[in-house]
Amino acid sequence: MPEPVRGSSSVGCPWDTVAMTDAAAPSVPGQDMRLLLVDGHAMAFRAFFALPADSFTDGRGQSTNAVYGFARMMINVVQSERPTHVAVAFDLPGGTFRDRIYDQYKAGRDETPEQFHGQIALIQQVLDAMGITWLTVEDYEADDIIATLATRTAAAGGEVLIVSSDRDAIQLVGESVTLLQPVKGVTELRRMDPAAVEEKYQVAPELYPDLAALVGESADNLPGVPGVGPKTAAKWIAAHGGLAGILAHADEITGKAGQSLRDHVADVERNRRMNEAVRDLDLPTDPSRYALGRGDRAALAGVFDDLAFGPTIRRDVPDLLLADDAAQQDAAEERAAEVMAELVRPDAERLATLLSDELAAGAALEVEGSWELGEGDASAIALATADVIAVVDVAELDDAAERALAAWLADPAVPKTAYDTKASAHRLRARGLQVAGWAMDLAIAEFLCRPDQRPTDLPGLALRHLQEDLASSTAAAQQSLDLEGTQDDARAEQLGRRADAVRRLEPLLRADLVSHAVEPLLDDLELPLADVLGRMEAVGVAVDDGVLADLDEQHARQQEAVAQSAFSHIGGDPINLGSPKQLQEVLFERLGMPKTRRTKTGYTTNAEALEDLFAQTGHPFLADLLAHRDVTKMRQIIETLRRSISPAGRIHTSFQQNVAATGRLSSIGPNLQNIPARTEEGRRIRSAFHASAGFETLLTADYSQIEMRIMAHLSGDEGLIEAFRSGEDLHRYVASRVFDVAPEDVDPAMRSKTKAVSYGLAYGLSAFGLARQLHISQKEATALRDGYFERFGGVRDYLRASVETARETGYTETILGRRRYLPDLTSDNRQRRENAERVALNSPIQGSAADIIKLAMLRVDAALREASLASRVLLQVHDELVVEIAPGEREAVTSLIVEGMGSAYELSVPLEVGVGTGRTWLDAAH
DNA sequence: TACGGAACGTA
DNA sequence: CGTACGTTCCGTAC
């Protein structure tokens with residue numbers, strides 16, 4: 001017999017990807033079922049008032065206190081109650097059938113607080129990521145949904161737990177239905193079983209609505225019988241068995257209360273109709289719709305990131321909520337079969353047609369292989385549009401098809417998207433194909449929106465941004481990636497699915513860019529820069545292995561000698577000088593030296609501490625150890641460089657645009673941004689980097705004091721601006737003001753102290769840190785800083801204001817609008833908050849410097865090409881460019897570089913550029 | 001074999 | 001108890 005049903009429901013749970021068919025699960029709730037039901041709105045509201053809205057924001061002005069409290073409650077209750085199934089019911093805006101019965105229902109409630117707005121939708125996002133089904137039913141309240149599911153489940157022998165603060169839920173309590181009522185906040189819950197209800201209200205749960213009808217419910221604006229409270233009502237119910245009995249014998253009830261009842265029978269009857277829960281709504285009956293364990297860890301992390309939630313809540317998410325890998329794979333494979341249906345592998349003939357029809361308006365692409373083309377490398381390109389995924393095997397194309405493909409790729413009018421445009425361009429370049437028309441780089445776009453997020457791979461990105469379709473298709477793609485060496489078809493399919501993922505992500509990331517106000521930063525700066533960087537990487541820099549070999553040999557001899565000397569001073573068996581553990585044994589036990597600063601694992605043996613120990617003890621072992629460290633480090637660097645040299649005698653680093661949260665580039669494989677420069681010995685390594693055959697010299701061009709210039713610009717401090725306009729040495733000038741002496745009377749100690757303060761300011765230094773660095777007292781450090789601020793008050797005002805602005809907006813900003821979100825600025829944890837404050841001080845300065853040199857790189861690159869010069873930019877080291885000068889171009893290139901860098905961005909102080917040229921990087925220093 | 005910590009190179 | 005990175009080694013946990 002079919003159940004009577006009413007209402008039209010909607011069920012949200014986009015992560016409902018686990019393959020659970022009706023056949024696999026019982027179609028009626030079984031005895032094993034332990035169903036948790038939550039009143040979404042009621043609990044969200046309680047969470048909102050339990051936590052301060054001002055302390056929980058996502059950094060973009062949206063309060064998240066209700067979301068946090070709700071998530072916390074869900075996690076706790078799932079963890080402690082271990083349900084097998086969960087559903088969360090929400091009210092819909094607008095009225096319900098109850099408003100038609102009584103037009104004053106719930107009237108007189110306060111307006112929803114401004115900061116509560118939007119939080120229900122965010123809670124639903126969290127639930128989606130947790131794989132928890134949430135439901136709404138038009139014209140009915142959350143309580144009716146809960147009543148329906150509770151009744152149905154209990155009837156089938158299941159167990160039910162209800163989390164609700166609404167008193168209407170009390171009537172649902174029964175032998176297998178327990179109500180968890182919030183006591184304080186949302187995380188402390190009181191168990192209400194039939195005995196507890198009876199105890200508290202003096203009536204059985206099923207009679208509670210009778211009691212409530214008599215007493216009234218002020219929250220719902222349902223007045224009861226004046227003069228009748230819970231005590232009287234309970235007494236009458238006990239005497240007459242329920243409301244029906246009471247009304248039937250109303251005449252017999254004596255006293256004032258009896259008269260009051262007779263005067264308000266209509267109200268009582270209305271109340272009783274209003275508070276009766278509806279138990280027969282039309283809701284999904286398949287238990288798998290409510291099953292636990294469909295949450296997606298990556299999706300949840302993404303949602304929590306957007307909400308700026310901290311690490312604690314993430315750690316506490318119970319595994320019970322999350323899908324296990326096997327189940328996800330099943331779903332992914334199922335979905336993968338569908339995606340394959342649209343996959344085409346065009347033959348050479350078909351390709352030209354495809355390019356001029358479907359792909360003419362642009363496409364997403366993924367390119368297989370490495371950019372160091374090896375023999376066995378496949379050479380497939382997947383191209384995806386809304387209608388087609390084409391996988392092209394470049395090696396099998398005939399000449400005409402290859403020309404068509406090359407033309408399509410090189411056409412700047414055809415917009416192209418890739419996950420990592422520079423990597424794709426490299427792979428195509430390795431096959432002789434040039435690309436123009438890059439319109440989107442997903443990895444960079446993601447980074448600009450969330451610069452503190454660790455870079456993710458494509459499936460990770462997709463999981464964070466997309467719902468079931470793409471999530472599972474890319475999960476499958478990732479899966480088949482592991483099947484190394486399978487046949488071509490499988491590889492083509494997985495590549496095609498990746499391209500499809502890129503295609504679907506493109507509009508989402510585009511919208512993300514707009515909402516973070518960084519779209520121009522991608523379009524006008526990072527995307528064109530990726531192209532410049534790609535060419536720099538491909539060119540590489542020539543390195544003389546012979547020079548490095550000689551250096552290494554010298555260092556090897558020195559290392560041996562210094563090691564022998566070191567051992568001669570400590571006696572006993574030789575130790576591994578590179579082992580902090582063994583060093584600690586020797587220093588603090590065998591030699592009995594005073595203990596140094598603590599580290600997590602013991603006592604530090606870093607250079608600063610060893611020098612300090614040497615000053616105290618004069619022990620020769622320490623000097624030898626330090627020398628050994630130096631020479632070992634040099635050998636390490638040399639060895640790394642030598643191993644990176646290509647057969648052609650060049651080193652090709654990779655510049656990453658999505659790593660440094662301030663917007664700087666980073667360099668890997670090898671890192672050419674940390675080649676020694678400070679010591680004479682270290683600098684010699686730079687003599688191995690030289691101009692290529694066919695080129696004349698290397699040129700280095702660096703910005704002078706760019707961070708201090710940005711500080712002067714951003715702060716508008718007249719004194720600092722004047723310092724730069726005066727042409728005087730900056731630190732000498734500033735020191736002369738701080739110490740109130742003539743510039744020529746500034747001694748080296750004054751200059752270096754002032755310099756330390758200047759740079760310290762941009763890093764958010766403390767008096768403590770300054771004192772430690774300068775080996776002066778904290779008092780002296782404080783005085784130094786105060787003296788500085790006295791003369792350069794604009795700097796102090798700017799630094800203060802910039803942190804406060806960041807605290808209010810939730811992010812810092814560079815001169816080009818590059819953002820960095822710092823939710824910790826409002827943290828209650830002092831350590832976290834102060835750390836965020838230092839980051840907030842530094843990010844606009846370091847980031848603006850990064851913006852400027854990136855602009856300069858675009859200008860310089862464009863100018864070199866425009867002038868048809870053969871000289872080329874090879875490296876960027878944060879405030880420096882290394883350029884290779886072609887014969888006869890030195891003067892032209894020098895002025896072009898100085899001009900391009902100097903006018904990259906107009907500050908209120910001049911941007912000065914120093915240049916030097918020479919055969920090697922060492923010689924080009926200036 | 002994988003990972004975190006310590007150490008140290010750069011701006 | 002100033003920022004931003006990458007690489008190496010060691011020692012430990014698998």
Side-chain angles (χ1 to χ4, degrees), chain A residues 451-452 575-584 596-610 625-626 628-641 643-644 653-679 681-683 685-686 702-708 710-711 756-774 778 781 785 799 812 820 822 830-831 834-850 853 875-881 921:
Chain A
D452 279 283
I575 61 161
N576 180 350
L577 295 173
S579 162
K581 200 181 168 194
Q582 295 178 40
L583 278 175
Q584 286 172 54
T596 54
R597 179 173 57 81
R598 282 225 58 131
T599 65
K600 272 189 182 166
T601 49
Y603 300 94
T604 183
T605 65
N606 69 17
E608 193 193 343
L610 294 181
L625 176 56
L626 284 164
H628 188 264
R629 282 255 177 90
D630 282 348
V631 74
T632 303
K633 182 74 181 174
M634 286 305 128
R635 290 198 72 190
Q636 273 173 17
I637 292 170
I638 290 165
E639 173 62 18
T640 305
L641 290 175
R643 274 188 293 159
S644 306
T653 190
S654 296
F655 291 104
Q656 304 180 112
Q657 287 168 278
N658 61 344
V659 170
T662 51
R664 275 189 176 181
L665 297 178
S666 86
S667 160
I668 56 167
N671 180 359
L672 293 186
Q673 290 180 323
N674 70 344
I675 302 303
R678 289 173 180 172
T679 66
E681 193 58 29
R683 271 198 294 273
I685 293 175
R686 294 184 170 222
D702 63 10
Y703 282 117
S704 158
Q705 320 275 17
I706 189 168
E707 295 196 346
M708 285 306 291
I710 288 164
M711 177 95 93
V757 178
S758 289
Y759 278 98
L761 289 176
Y763 297 149
L765 63 19
S766 61
F768 178 93
L770 184 64
R772 200 165 63 94
Q773 194 200 322
L774 292 176
Q778 208 166 319
R785 194 188 56 182
L799 293 173
T812 63
R820 184 167 183 189
L822 297 169
R830 200 179 88 163
Q831 162 99 27
E834 290 181 346
N835 196 39
E837 285 170 356
R838 289 192 294 277
V839 172
L841 286 174
N842 178 254
S843 293
I845 297 169
Q846 189 183 120
S848 296
I853 195 165
L875 301 174
Q876 187 252 46
V877 192
H878 308 310
D879 67 354
E880 170 188 4
L881 298 181
W921 196 359

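Below, chain A is the first sequence line, B the second, and so on; all start at residue 1.
- The shortest heavy-atom contact between A/Gln673 and A/Gln876 is NE2-O, 2.9 Å.
- Contact check, A/Asn576 against C/dC10: a side-chain N or O comes under 4.0 Å of OP1 or OP2.
- Nearest nucleotide to the A/Lys581 side chain, out of C/dG2, C/dT12, C/dA4: C/dT12.
- Residues A/Leu841 and A/Gly764 approach most closely at CD1-CA, 3.2 Å, considering heavy atoms.
- Phosphate contact (OP1/OP2 of C/dC5, side-chain N/O of A/Arg664, threshold under 4.0 Å): absent.
- Of the candidate nucleotides C/dC5, C/dT3, C/dC10, C/dC5 has the atom nearest to the side chain of A/Ala661.
- A/Glu608 comes within contact range of no nucleotide atom at all, as no heavy-atom separation falls under 4.0 Å.
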Please test A/Thr653 against A/Ser667 for side-chain hydrogen bond (donor to acceptor under 3.5 Å, both in side chains), starting from the C-alpha separation and ending with a verdict.
CA-CA 6 Å; A/Thr653 190; A/Ser667 160; 2.7 Å; yes
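- You'll find that the side chain of A/Asn671 is closest to C/dT7, out of C/dT7, C/dG2, C/dG11.
- Among the atoms of the strands shown, only primed sugar atoms or phosphate atoms (P, OP1, OP2) are found under 4.0 Å from some heavy atom of A/Ile675.
- Taking both residues in full, the closest heavy atoms of A/Val659 and A/Ser666 are given as CB-OG, 3.9 Å, listed atom of the first, atom of the second, then distance.
- Phosphate contact (OP1/OP2 of C/dC10, side-chain N/O of A/Ser579, threshold under 4.0 Å): absent.
- The span of DNA chain B lying next to chain A, judged by atoms under 4.0 Å from heavy atoms, is bounded 5' to 3' by B/dG5 to B/dA11.
- At a threshold of 4.0 angstrom between heavy atoms, the contacts of A/Arg820 are confined to the sugar-phosphate backbone, with no base atom among them.
- Nearest nucleotide to the A/Gln636 side chain, out of C/dC9, C/dT7, C/dA4: C/dC9.
- Annotation: B/dG5 and C/dC1 have their P atoms spaced 15 Å apart (nearest Å).
- Contact check for A/Leu610 versus A/Thr596: no side-chain heavy atoms found under the 4.5 Å cut-off.
- Among the duplex regions that DNA chain C forms, those built from at least three successive Watson-Crick or G-U pairs under 3.5 Å are B:1-11 with C:3-13, ordered by first number.
- Taking 4.0 angstrom as the limit, A/Gln846 places none of its side-chain polar atoms (N or O) nearer than this to OP1 or OP2 of C/dG2.
- Among all heavy-atom pairs drawn from A/Ile637 and A/Pro676, the shortest one is CD1-CG, 3.7 Å.
- Taking all atoms of both residues into account, the shortest heavy-atom contact from A/Arg597 to A/Asn606 is NH2-ND2, 3.4 Å.
- Among the atoms of the strands shown, only primed sugar atoms or phosphate atoms (P, OP1, OP2) are found under 4.0 Å from some heavy atom of A/Thr605.
- Closest-nucleotide positions on DNA chain C for A/Thr640 and A/Pro451 were compared, and the one nearer the 5' end corresponds to A/Pro451.
- When all heavy atoms are compared, the tightest approach of A/Trp921 to A/Leu672 is CH2-O, 3.7 Å.
- Looking only at distances, no side-chain donor or acceptor of A/Arg598 sits under 3.5 Å from a matching main-chain atom of A/Tyr603.
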